[in-house]
Amino acid sequence: MGTLISWLFKRRYVVLSLALFGVMCLITANGQMGEDFWEHSAVVRELATHTLHPRHPEFLLDAPHAFYSPYALSVALLSRAAHADAVAALSFAGLFNLALFLFGLRFFVSSVVPEHRDATAFYTLLLVLFWWGADAWFYGGFFHLRILGFVLAYPSTFAASLTFIAFGLYKRQMADRRRIWLVPIFLIAATVLLCHPLTFLFLATGLVAMPWGEEGNHILQTAQVAALLSLAFLFASLWHYFPLLKLLTRESDVYHASNIDVYRRVLGAIWPALVGVPLVFTQIRSRWCRPLLIMLVVLSALYLYGDVSGKYSYGRVIAYVVLLLHVTIAERLAALEARVGALRPASALQRLIVPACVVIFTLCLSFEPLRDTFERARPDGQPDYKAYLFLSQYTGQYEVVLSDLQTSWMVPTFGGKIVAMLHAAAFVPDQGVRRSDVDHFFSAEATPEDRQRIIEKYGVRYLLLNKSSQANWQELQREFAPTGRLAFENDKFVLISLRPQSEP
């Protein structure tokens, strides 16, 4: 038994990673998807259909989309090659992202923490998953246990994983001075910028900070990194699927309002990580130019800038501020474990004191997230999205389906295009009008003339009535019975075809 415990102890990062991967496989198999998943799956479906010249994934428009990234394109090509639908391809990509994330996180920790790397990597993963408050935010780019199963397939997870790997590669480049390592770092930088620009801020900050932890001409090395990042930006600007510069300037404004929550309930979200703050100050006194400290200062400044300027999207970098605090705490825990293990007489039990205490505290801290996660991992009937599968039999991909904003989320993945959606969309200047029209259509105040005007305005071919979310669905069904045709009905939905009677 002692030998087994010792073997597991030495491979604890791998053991924790395998346990996490198994649970996430169960959650993925159960169809537990985040809300944004359906926007990404619509993107994959459109790219799989028209790879070189896609239309808008949700609206019947010839407009670009900010999610037409190299990641989405790769998943779409996988979908085409495997003859798999967008949901299956994106779900598989999510598990791939998890494996990449677990590898990249360890690679990153090894690059910034010179001592006790195995122990530090284990504690970092444990803290990243569990050391959050009850008000932890549910956004892409955050990796606490409550949200991880929902964001695996998002490009933010892919971008973060590549960023960790880039840090490890740059550490190697600084060690052996082989410029060949700059090629994958350049490609990663361009890819991350196109996939998730907010993660690019973390990447750029880390690459600029890392030379300051090594011997050499720091100014020259920083200038080289700046040149590499500039070239990566120019290279990414050639991307065929959306105008990057326009997205990062004018179009990005549409996202700020939806990110204001990262400035609310901050203490309730991150308080366990604040243990790392006094540890940071002790490190500043001994060595102020450590890469981790520089990254913390720059990213914290970006977070504050987002609040002062009203550009709340910048606030999402707090995910990486917290991650760096977790690394700082993990580094100290690993050092404490080494000191306790070095006491005489040494024993296996003695070496387990620190990790056992940390794990027990973590379990006490995270009872609710663990319970919620295991609930999602337990097989429990059909996933909610299965109820939408009928749409592919009755609606074409480029026919407009009108439904309320909440119901419309999944429609473009399985059926036709929609009129409006809840989330902000870049490159769609009339999205506010679209939402207003949809809300008015399903309101009790709308007249039949109002509804007909909206139908004609957007070329609506199908009306999808959700019996649980639309209180007046029966009234609407009766209103369109004379001119429409009942295409499908079950206990959840009514689908009415609005095609002219002369059309098939």
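The structure displayed is predicted, hence computed values, not measured ones.
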Name the atoms and distances for all side-chain donor-acceptor pairs under 3.5 Å in residues 178-192, with sequence neighbours left out.
from	atom 1	to	atom 2	distance (Å)
W181	NE1	D176	OD2	3.1
T191	OG1	L187	O	2.8

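- Listed by first and then second residue, the ring-ring contact (aromatic ring centres under 6.0 Å, His included) pairs that reach into residues 356-380 are W131-F361, sequence neighbours excluded.
- At distances below 3.5 Å, not a single donor-acceptor pair connects side-chain atoms of H116 with backbone N or O atoms of A119.
- The shortest non-hydrogen separation linking S161 to T157 is OG-O, 2.8 Å.
- In this structure, R332 fails the cation-pi test against Y123, since its NZ or CZ atom is not both closer than 6.0 Å to the six-membered ring centre and inside 45 degrees of the ring normal.
- Judged as a salt bridge (charged side-chain N to carboxylate O under 4.0 Å, His left out), the pairs with a partner in residues 99-125 (not counting sequence neighbours) are, in order, R106-D118.
- Listed by first and then second residue, the side-chain hydrogen bond (donor to acceptor under 3.5 Å, both in side chains) pairs that reach into residues 296-307 come to none, sequence neighbours excluded.
- Within the structure, no pair that satisfies the side-chain hydrogen bond (donor to acceptor under 3.5 Å, both in side chains) test touches residues 224-251, not counting sequence neighbours.
- Using modelled atom types, one finds no donor on one side chain facing an acceptor on the other under 3.5 Å when comparing T124 with H326.
- The ring pair (Phe, Tyr, Trp, His ring centres under 6.0 Å) check on Y312 picks up Y263, with sequence neighbours excluded.
- Annotation: cation-pi pair R376/F150 present, NZ/CZ under 6.0 Å from the ring centroid and within 45° of its normal.
- Residue-environment remark: CG (D384) stays at or below the threshold of 12 foreign heavy atoms within 6.0 Å.
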